[in-house]
Structures are given as structure tokens and as C-alpha cells.
Amino acid sequence: MLKEQKNVWSDSLFVILLVTILFNLFAIGTILIRPRLFHAKLFQPMVHNFNLSIIPIAILVGTILAQIFVSWLGAMLNSDLVGSVAFVILVIGLLAWFLFLPNSGYLITELNLTHRDVDKVEVPIWYDIISVLSLAISGVLNTALNILLLQFLVIIYIDPLSIQQLNTPLFQMLTWLVFPLLSFGIYLGRYIRFNTWDLLRPKMFIGKLVEHFKSSKNRRDGFLFTILYGIFLAMFYALTFKSIAAIDAAGEIR
């Protein structure tokens, strides 16, 4: 039964990974061939934002691989110090992953189609709609995949013998808490133009943050943006993780 559960999770995760990769390739492909098809200039900020959306999962995978290697090295050397280094790598990596995570969902904001304002030739609106919509969906899928992959790794590290660990109230609460925090990070990037590395200058960061939210309109918009985008991202997460959980539960019944 345990083997069957693991197979369900691994197979489902593979399908979601494949769909996400295909969406990413389709989205960036339509952006890159746009200049060749319609003789318009390549909109570099959109390509830049797409690249940033890939960074969180690269950080997550890199952190896990580094942590596994250092943990293995510590076991081979029988060194508690090396084992402690592995834990530090995991903590720092997960922190960096969380700070960069809003870059994935940020692609939703490309739906404003501002790249059309810089075009010197008219590109058919139908092309930009499907291109930018694909880009936005790829960002949402990247976000859901990041969280799903992290949960899959938690199963392996914390309780590899029981997938039901994910049904604990604390774990679920922490999962759902990610979405409003993530949405607030997207808001900061779009409307205050913050980047993740601006946190390295806390005085400037806090100053701009306070100045922005002095306006009651900005406080209202920030609140509504955080709630609505958080719900939207959570629904996409439900379509991935919750569907896998349902398949797993059906397998248990059989």
C-alpha cells in the first residue's frame, strides 16, 4: 500500500512537472518569436521576468541537492560539525527560496499588456492575448509546483512512511498562509518596484514601504490585491495538490 501511495504521488508530480515545463516553453517561445513574426522589438523586461520566475525552483532544487550531499559527507566523515553545516544550508536555502518565490507569481501582472505600448508596429491583439495569458498561467503553475515540490520533500524528510503527515492542521495552516504572503510580495514588486535584493538595504526598503502605505488608497489596494491574488493562487494550488490527495485517498479505499 505504501509503495502504491508513493507511486501515485511521484506519477502525479511528474505529470504536473511536465505540464508546467510545456507551458513555460510555449509562453517564452511565443515571446521570442514575436519579433520575427511581426517585426516588433523584443520586450526584454518580459523575458527578464520570465527568467526570474524560474529562479525559486532552481534555488529549491539546488538547496536540497547541496543539503543531501553535505549530509552524506557528514555521515561518511562521522562529523557532527559537517551535519550542522548541512542544516544551515537547508535553512538559508529555504529562506532564499521563500524570498524569491513571488517572482513566479509575478508573471500574472503581465496581463496588463503594457509591452504593446512600446511597439512601433501593430501586433495582432489575438497573438498577444494567447502569449501573455500563457505566460501568466506558467507563472501560476510555477508557483504551485514550487509549493507542491516543497511539500513532497517534507514528506521525504519529516515522515517518509506516512503521507498522511500532510493532513495535520499545522501543516495545512502553514501552507495556506504562504499564499497571502506571496501575493503581498507580488504587490510590492509591481507597485513599489521592489526587488528581492532590496532587502539587503533595510533602511531604504522600510522607508519606501512606509511612504507608499501612507496613502489610504494604497492601503486599500494593497489589502485587496493581497486577498484576491492569494485566493486565486490558492485555487490553482488546490487543483494540483488537492487533486493528488484525492487520487491518493481513492487508492487507499481500493
Side-chain angles (χ1 to χ4, degrees), residues 17 20 24 45-70 84-110 135-136 138-154 157-158 170-213 218-219 221-223 225-234 236-237 240-241:
L17 177 61
T20 302
N24 277 277
M46 191 173 287
V47 177
H48 176 69
N49 289 336
F50 175 82
N51 292 335
L52 287 176
S53 76
I54 306 298
I55 289 180
I57 198 166
I59 291 176
L60 182 59
V61 173
T63 297
I64 297 303
L65 291 177
Q67 200 270 345
I68 290 175
F69 173 75
V70 176
S84 299
V85 171
F87 178 75
V88 171
I89 290 175
L90 183 63
V91 171
I92 294 177
L94 290 179
L95 178 61
W97 168 81
F98 183 75
L99 293 177
F100 274 91
L101 186 58
N103 289 299
S104 292
Y106 185 85
L107 293 181
I108 305 174
T109 63
E110 298 291 354
L135 184 69
S138 72
V140 177
L141 287 173
N142 288 342
T143 301
L145 179 62
N146 269 281
I147 297 175
L148 183 62
L149 183 59
L150 181 67
Q151 291 182 318
F152 189 73
L153 293 170
V154 167
Y157 275 91
I158 294 181
L170 177 61
F171 195 93
Q172 291 295 333
M173 182 186 69
L174 292 176
T175 298
W176 294 109
L177 183 63
V178 168
F179 296 108
L181 294 176
L182 173 60
S183 300
F184 185 64
I186 296 173
Y187 177 86
L188 296 181
R190 170 55 72 175
Y191 294 102
I192 312 183
R193 313 308 297 177
F194 277 142
N195 293 303
T196 303
W197 42 88
D198 286 331
L199 291 171
L200 298 176
R201 296 180 291 174
K203 185 176 181 180
M204 180 278 295
F205 179 86
I206 294 174
K208 289 182 67 174
L209 192 66
V210 171
E211 184 64 27
H212 178 80
F213 285 112
N218 289 342
R219 291 196 298 270
D221 290 350
F223 175 77
F225 186 103
T226 299
I227 296 300
L228 295 177
Y229 275 63
I231 293 174
F232 177 76
L233 292 171
F236 258 82
Y237 159 81
T240 54
F241 171 74

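Keep in mind that what you see is a predicted model, and the values were worked out from it rather than measured. Computation of the quantities below employed the complete heavy-atom set of this structure, encompassing side-chain atoms and omitting hydrogens, waters and symmetry-equivalent molecules.
- Summarising the geometry, atom OH belonging to Tyr187 is positioned 8.0 Å from atom OG1 belonging to Thr226; distances are rounded to the nearest 0.5 Å.
- The distance from the CG atom of Leu141 to the CG atom of Leu17 is 11.0 Å, given to the nearest 0.5 Å.
- Considering all non-hydrogen atoms of both residues, Phe100 and Ile59 come closest at CD1-CD1, 3.7 Å.
- Between Phe225 and Tyr229, the two ring planes are parallel [angle under 30°; tilted spans 30° to 60°].
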Go through the steps to decide whether Ile92 and Phe87 satisfy the test side-chain contact (heavy atoms from CB on, under 4.5 Å), and finish with yes or no. CA-CA 9 Å; Ile92 294 177; Phe87 178 75; over 6 Å; no

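- Closest approach of Leu60 and Asn146 over heavy atoms only: CD2-O, 3.8 Å.
- Considering only heavy atoms from C-beta on, Phe194 stays 4.5 Å or farther from His212 through its side chain.
- Minimum interatomic distance between Ile186 and Thr109 (heavy atoms only, all atoms of both residues): CG2-CG2, 4.0 Å.
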Does the pair Leu90 and Ile64 meet the rule for a side-chain contact (heavy atoms from CB on, under 4.5 Å), with working shown? CA-CA 7 Å; Leu90 183 63; Ile64 297 303; 4.0 Å; yes

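- Of all non-hydrogen atoms in Pro102 and Leu99, the two that sit nearest each other are CD-O, 3.4 Å.
- Residues Leu150 and Trp97 are in side-chain contact: their nearest non-hydrogen atoms beyond the backbone lie under 4.5 Å apart.
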Would you mind writing out the side-chain donor-acceptor pairs for residues 51-58 within the sub-3.5 Å range, not counting sequence neighbours?
unit_1, atom_1, unit_2, atom_2, d
Asn51, ND2, Val47, O, 3.3
Ser53, OG, Phe50, O, 2.6

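- Separating the CE atom in Met46 from the CG atom in Leu107 is a distance of 9.0 Å, to the nearest 0.5 Å.
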N/O donor to acceptor pairs below 3.5 angstrom from side-chain atoms of residues 177-184, sequence neighbours left out:
unit_1, atom_1, unit_2, atom_2, d
Ser183, OG, Phe179, O, 2.9
Ser183, OG, Gly230, N, 2.9

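- Counting only N and O atoms by type, the side chains of Asn142 and Asn24 include a donor and acceptor under 3.5 Å apart.
- Smallest separation of non-hydrogen atoms from Ile147 and Tyr237: CG2-CE1, 4.1 Å.
- Using a 4.5 Å heavy-atom cutoff, the side chains of Leu101 and Tyr106 are not in contact.
- The two residues Arg190 and Glu110 have their closest heavy-atom pair at NH2-N, 4.1 Å.
- Counting only heavy atoms from C-beta outward, the side chains of Leu209 and Phe205 approach each other to under 4.5 Å.
- Atom-to-atom distance recorded for Thr143:OG1 and Asn103:CG is 9.5 Å, nearest 0.5 angstrom.
- In this structure, Ser138 and Thr20 have side chains that are not in contact, with every pair of non-hydrogen atoms separated by 4.5 Å or more.
- A heavy-atom distance below 4.5 Å is not found between the side chains of Leu228 and Phe232.
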